[in-house]
Amino acid sequence: MHAVYASLTALPGVVVGPEDANELADSLWAHATQEDGLEHVLVLAQSADRVDLILFLLEGSHPEPVRRVAALIRECYRASGTLPSKYEVPGEPVLDRLRPGAS
């Protein structure tokens with residue numbers, strides 16, 4: 001199983017809370033396909049200015065799980081009527097922060 005960490009930063013003046021984490025989790029599940037291999041989503045609003053996400057993908061479900069998660073988050077953002085009013089536009093993943101041996 002792959003565990004991929006991501007975060008979304010709130011727009012200036014926006015305070016995020018648990019209801020925002022729930023909304024984001026629901027959006028991820030709504031947009032995930034079987035090919036994504038999404039098994040579990042953990043979304044936490046532990047800070048007022050961002051939400052942290054850990055997405056768990058089945059091992060072998062996608063050759064580049066970090067890129068797949070980033071694409072899924074961007075798809076949710078584009079399709080949502082509310083996420084763009086709360087969060088900065090998600091960018092490309094920062095791949096140089098991978099731990100050695102992690103994927």
> Which atoms form the tightest heavy-atom contact between Y77 and E88, and what is the distance?
Replying inline: CE1-O, 3.6 Å
>> For A79, give me all partners under side-chain contact (heavy atoms from CB on, under 4.5 Å), at least two apart in sequence or on another chain.
In response: H31
>> Quick check for you: to the nearest 0.5 Å, what is the distance between S80 atom OG and Y87 atom OH?
In response: 9.5 Å
> Quick one: CG on D20 to CZ on R50, what's the gap to the nearest 0.5 Å?
Replying inline: 14.0 Å
> How long is the gap from CG on L55 to CD on E39, to the nearest 0.5 Å?
Replying inline: 11.5 Å
> Any side-chain heavy-atom pair from V69 and L72 closer than 4.5 angstrom?
Replying inline: no
>> Can you give me the closest heavy-atom contact between A45 and G17, atom names plus distance?
In response: CB-O, 3.4 Å
> Looking only at heavy atoms, what is the nearest atom pair of M1 and F56, with distance?
Replying inline: SD-CB, 3.7 Å
>> Can you list everything that forms a salt bridge (Lys or Arg N to Asp or Glu O under 4.0 Å) with R78? Sequence neighbours excluded, please.
In response: none
>> Quick check: closest heavy atoms across V43 and V41, and the distance to 0.1 Å?
In response: CG2-CG1, 3.5 Å
>> Please identify which of these residues, I73, L83, T82, meets the side-chain contact (heavy atoms from CB on, under 4.5 Å) condition with L24.
In response: L83
> Measuring from L57:CG to R68:CZ, what's the distance to the nearest 0.5 Å?
Replying inline: 9.0 Å
> Which value, rounded to the nearest 0.5 Å, describes the distance between L28 atom CG and E23 atom CD?
Replying inline: 10.5 Å
> What's the shortest heavy-atom distance between P90 and L8, and which atoms?
Replying inline: CB-CD2, 3.8 Å
> In Å and rounded to the nearest 0.5 Å, what is the CG to CD distance from D36 to E75?
Replying inline: 7.0 Å
> Any idea which heavy atoms bring L53 and S7 closest together, and the distance?
Replying inline: CD1-CA, 3.7 Å
